[in-house]
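Residues: numbered from 1 along the sequence shown. We count ligands from 1, going down the list as the structure has it; atoms in each ligand are counted the same way. Being a predicted model, the structure only gives us computed values, none of them experimental.
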Amino acid sequence: MASSPLPFLFFLPLLFLNPRFSQANLHQSKTLLRSTLPSQQSSTGDTTEPTLFFEVTKPISVPHTKPCSLTVLQHDFGYTYGKSPVLSNYTFPDDCPFQEFSRIVLEWNATCKGRQFDRIFGVWLSGVELLRSCTAEPRPTGIVWSVKKDVTKYSSLLLMNKTQTFSVFVGNIIDQTYTGVYHVNVSLYFYPAVEKQKLFKGKKRDSGSEIGSKADLIIPFSRDLPLKDGLWFEIQNATDVKGKEFEIPHNVYKAVLEVYVSFHEKDEFWYGNPPSEYIVANNLTDSPGNGPFREVLVSLDGELVGAIWPFTVVYTGGINPLLWRPISAIGSFDLPTYDIEITPFLGKLLDGKSHSISFSVTNALNVWST
Ligand SMILES: *[C@@H]1O[C@H](CO)[C@@H](O)[C@H](O)[C@H]1NC(C)=O
Ligand SMILES: *[C@@H]1O[C@H](CO)[C@@H](O)[C@H](O)[C@H]1NC(C)=O
Ligand SMILES: *[C@@H]1O[C@H](CO)[C@@H](O)[C@H](O)[C@H]1NC(C)=O
Ligand SMILES: *[C@@H]1O[C@H](CO)[C@@H](O)[C@H](O)[C@H]1NC(C)=O
Ligand SMILES: *[C@@H]1O[C@H](CO)[C@@H](O)[C@H](O)[C@H]1NC(C)=O
Ligand SMILES: *[C@@H]1O[C@H](CO)[C@@H](O)[C@H](O)[C@H]1NC(C)=O
């Protein structure tokens, strides 16, 4: 990141002068903490139409073909903490006459009304995360938002000829204060590869090679169902290591690990955390420390193979919710993921035995959902 230090000059005074932004423990669980209540517009507002929230992104370029579509899940997310993700059976739509697709798009549409925090959520297919995102903060007059993500790179999974488990976890609380229930539809659009023949005329049709980033096989690295809350490995502190065993076929010639990560509670604003010595010297009691440096470390069989310096995504309630209404911060509706090349280590991995990948976070405070 070649960004100037200016954003930090802007954030740090806010965080230091108003430590309440990141500290109060309103909820014991994985809330995105705010000490102030999520902002609530007075109902005298002149608009009764729901507010449309959006993140400014480059539009997904789709062919002009008519896509096959499928609503994978429709659910109202009320009180969900400590509960299992919501599941549905996913099968590729059997009324779709095409077999090759140049683009597959996941669409998350949601409405919410009342008062609620920004909530983190994950979308998985067979344990493979497809989307990590944050909800928009509702208003009494209601909000609506739509997130589209190009999931073409997960084609081999999405096009499998069998029923798979689709899961969504939104960690939410409903009580007398927090009334916002998220009404959600998740859809998939499969754009047939007709355009491709025109665009790549003369070339042999061979799914994947044009896009160049579709894997033949996708192995999940998430916690297994059934379980409570998300399928994430929750890294709680600087010594916490979490991971999983896996096996790969003998004929693998390229392997990439895609890492999804989001940071919450004491580390939601890790880039503004003061050193612990500062906290001690100033007798601060409820301020998260460990300084402003974090690094997600990936190990293969206990040996370090990659490190990630995550982009500082500010969720829709971060610092001041009014900053993110209706345009939410970069990455907040579709958190960036990070690729780690595993190919150089295949020499060790192709022995037919099981191996392990594990995650840790330098200086971590709770919690890093990885
Ligand atoms: C998925 O399908 C199986 C078998 O038909 C059924 O037992 C299960 O209840 C279904 N799950 C959901 C979430 O609909
Ligand atoms: C989701 O929202 C978008 C944007 O408003 C809209 O174009 C699309 O038709 C919606 N999808 C469904 C399935 O309602
Ligand atoms: C979800 O789909 C249902 C049925 O098509 C529709 O009535 C509802 O408005 C949709 N909700 C959202 C948030 O798009
Ligand atoms: C999908 O699987 C079913 C049953 O195993 C089989 O009858 C069908 O031909 C398969 N379809 C494709 C496109 O491979
Ligand atoms: C770090 O987190 C792990 C997992 O929650 C816990 O078992 C361990 O005691 C923690 N270590 C410290 C030093 O707090
Ligand atoms: C911190 O507390 C100690 C003991 O109560 C006190 O002596 C010291 O002056 C305090 N330091 C600051 C910076 O307030």
Side-chain angles (χ1 to χ4, degrees), residues 47-78 80 83-96 101 103-116 118-119 121-128 130-131 133-151 157-158 160-170 172 174 179-191 220 222-231 316 325-328 332-334:
T47 169
T48 48
E49 283 290 298
T51 310
L52 174 69
F53 276 66
F54 59 98
E55 182 190 335
V56 178
T57 56
K58 190 179 164 196
I60 301 167
S61 124
V62 294
H64 297 295
T65 51
K66 187 176 185 300
C68 296
S69 67
L70 176 72
T71 301
V72 203
L73 185 118
Q74 184 171 350
H75 191 78
D76 301 327
F77 291 89
T80 52
K83 294 191 179 161
S84 172
V86 173
L87 308 179
S88 77
N89 284 325
Y90 165 82
T91 41
F92 178 75
D94 50 11
D95 58 349
C96 183
F101 303 91
R103 200 63 78 195
I104 305 176
V105 173
L106 176 89
E107 183 187 61
W108 164 282
N109 281 10
T111 58
C112 188
K113 201 172 181 171
R115 176 179 276 185
Q116 194 52 263
D118 47 355
R119 302 297 188 186
F121 67 88
V123 175
W124 295 265
L125 180 60
S126 290
V128 172
L130 303 180
L131 172 70
S133 184
C134 166
T135 62
E137 282 201 358
R139 319 171 73 171
T141 48
I143 60 162
V144 57
W145 83 102
S146 176
V147 180
K148 282 198 172 99
K149 179 170 179 186
D150 182 354
V151 291
L157 192 70
L158 289 158
M160 269 167 96
N161 184 12
K162 67 168 192 184
T163 302
Q164 303 181 71
T165 303
F166 190 89
S167 26
V168 175
F169 179 76
V170 182
N172 197 21
I174 296 294
T179 52
V181 173
Y182 291 106
H183 307 279
V184 175
N185 291 347
V186 184
S187 313
L188 281 165
Y189 297 90
F190 302 85
Y191 291 87
S222 54
R223 288 158 72 217
D224 296 314
L225 287 167
L227 43 72
K228 291 177 176 177
D229 296 328
L231 277 64
T316 54
R325 174 191 295 175
I327 305 179
S328 76
S332 56
F333 282 172
D334 179 9

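- Ring geometry for Y90 against F166 counts as tilted: the plane angle lies between 30° and 60°, on a 0 to 90° scale.
- Every residue meeting the side-chain hydrogen bond (donor to acceptor under 3.5 Å, both in side chains) condition with K149, not counting sequence neighbours, appears here in chain and number order: Y260.
- Considering T135, T51, N109 as possible partners of W145, the one that fulfils the side-chain contact (heavy atoms from CB on, under 4.5 Å) test is T135.
- With sequence neighbours excluded, the residues forming a side-chain hydrogen bond (donor to acceptor under 3.5 Å, both in side chains) with S328 are S332, listed by chain and number.
- Taking the six-membered ring where tryptophan is involved, the planes of Y191 and Y189 are tilted, since the angle between them lies from 30° to 60°.
- Residues K83 and F169 approach most closely at O-CE1, 3.6 Å, considering heavy atoms.
- Scanning for side-chain hydrogen bond (donor to acceptor under 3.5 Å, both in side chains) contacts around T163 gives an empty result, with sequence neighbours left out.
- In terms of modelled atom types and a separation under 3.5 Å, the side chain of R103 and the main chain of S61 share a donor-acceptor contact.
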Dump all N/O pairs between ligand 2 and the protein below 3.5 Å as a table: atom names plus distance, one pair per row.
unit_1: ligand 2; atom_1: 2 (O); unit_2: N109; atom_2: OD1; d: 3.2
unit_1: ligand 2; atom_1: 2 (O); unit_2: N109; atom_2: ND2; d: 2.4
unit_1: ligand 2; atom_1: 11 (N); unit_2: E107; atom_2: OE1; d: 3.0
unit_1: ligand 2; atom_1: 11 (N); unit_2: N109; atom_2: ND2; d: 2.8

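- Taking a cut-off of under 4.0 Å to the non-hydrogen atoms of L87, the atoms of ligand 1 that pass are 13 (C).
- Remark: ligand 3 atoms within the under-4.0 Å shell around heavy atoms of T111 are 13 (C).
- Residue-ligand proximity, H183 to ligand 3, at heavy-atom distances under 4.0 Å covers atoms 13 (C).
- In terms of N/O distances under 3.5 Å, ligand 1 is approached by N89.
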